[in-house]
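Accompanying notes for the structure given below.
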Amino acid sequence: MISDSLRRIKDEKHLTVAQLSRCSGLAADTINKIMSGATQNPSPDTVFRLADALGCSVSDLTGEEQQFPNLCRACPERGRIEDLHQSIG
């Protein structure tokens, strides 16, 4: 389930919802709804943004085989989690 995977990966990277929100460009409320299970089927764009920001694959979040393995949604306006960690020491 995406809520469990998202929470686990976020916690493994020692991130707050606010930090993930900033890196993904998604509202903190959206992320909280996914993690709580209130949103069980987020849009593909939302999943791609979360995976990109977390530096993981879509299948890491969904537990399903990625349908578009060569699709890259990197966005220069948003930072990656690694950049965030470097900026905060």
Side-chain angles (χ1 to χ4, degrees):
M1 184 172 227
I2 192 167
S3 59
D4 298 331
S5 299
L6 176 57
R7 186 178 304 105
R8 179 182 49 77
I9 295 169
K10 179 189 79 65
D11 291 346
E12 285 173 357
K13 296 185 181 267
H14 307 286
L15 297 171
T16 65
V17 170
Q19 290 169 323
L20 183 54
S21 172
R22 188 171 83 201
C23 290
S24 66
L26 297 168
D29 187 56
T30 298
I31 296 168
N32 281 321
K33 285 180 180 177
I34 295 169
M35 288 195 311
S36 72
T39 300
Q40 295 184 7
N41 294 306
S43 72
D45 183 62
T46 296
V47 177
F48 281 121
R49 286 179 180 224
L50 289 168
D52 187 48
L54 289 166
C56 68
S57 70
V58 168
S59 54
D60 288 337
L61 287 174
T62 63
E64 299 173 2
E65 192 63 35
Q66 193 171 346
Q67 293 180 358
F68 307 102
N70 297 323
L71 184 60
C72 177
R73 304 220 15 122
C75 180
E77 300 90 56
R78 294 192 320 264
R80 290 185 155 269
I81 294 303
E82 290 79 13
D83 298 333
L84 177 65
H85 281 293
Q86 288 176 0
S87 71
I88 59 176

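The structure displayed is predicted, hence computed values, not measured ones.
Note: Q40 CD to M1 CE = 4.5 Å, rounded to the nearest 0.5 Å. Expressed to the nearest 0.5 Å, how far NZ of K10 lies from CE of M35 amounts to 5.0 Å. Put simply, OG on S3 and CD1 on I31 are 14.0 Å apart, with the number rounded to the nearest 0.5 Å. Atom-to-atom distance recorded for L61:CG and I9:CD1 is 4.5 Å, nearest 0.5 angstrom. The distance from the CG atom of N41 to the CD1 atom of I34 is 10.5 Å, given to the nearest 0.5 Å. Rounding to the nearest 0.5 angstrom, the gap separating the OG1 atom in T62 from the CG atom in L50 is 11.5 Å.
Each salt bridge (charged side-chain N to carboxylate O under 4.0 Å, His left out) pair with one or both residues in residues 24-44, not counting sequence neighbours, appears once here: D29-K33.
Taking all atoms of both residues into account, the shortest heavy-atom contact from S21 to A28 is OG-N, 3.4 Å.
A search for side-chain hydrogen bond (donor to acceptor under 3.5 Å, both in side chains) contacts involving D60 returns S57, not counting sequence neighbours. With sequence neighbours excluded, the residues satisfying side chain to side chain contact (heavy atoms under 4.5 Å, CB included) with S5 are R8.
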(request) Apply salt bridge (Lys or Arg N to Asp or Glu O under 4.0 Å) to the pair D52 and R49, showing each step before the final yes or no. (result) CA-CA 5 Å; D52 187 48; R49 286 179 180 224; over 6 Å; no
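No donor-acceptor distance shorter than 3.5 angstrom exists from the side chain of T39 to the backbone of P42, with no hydrogens or angles considered.
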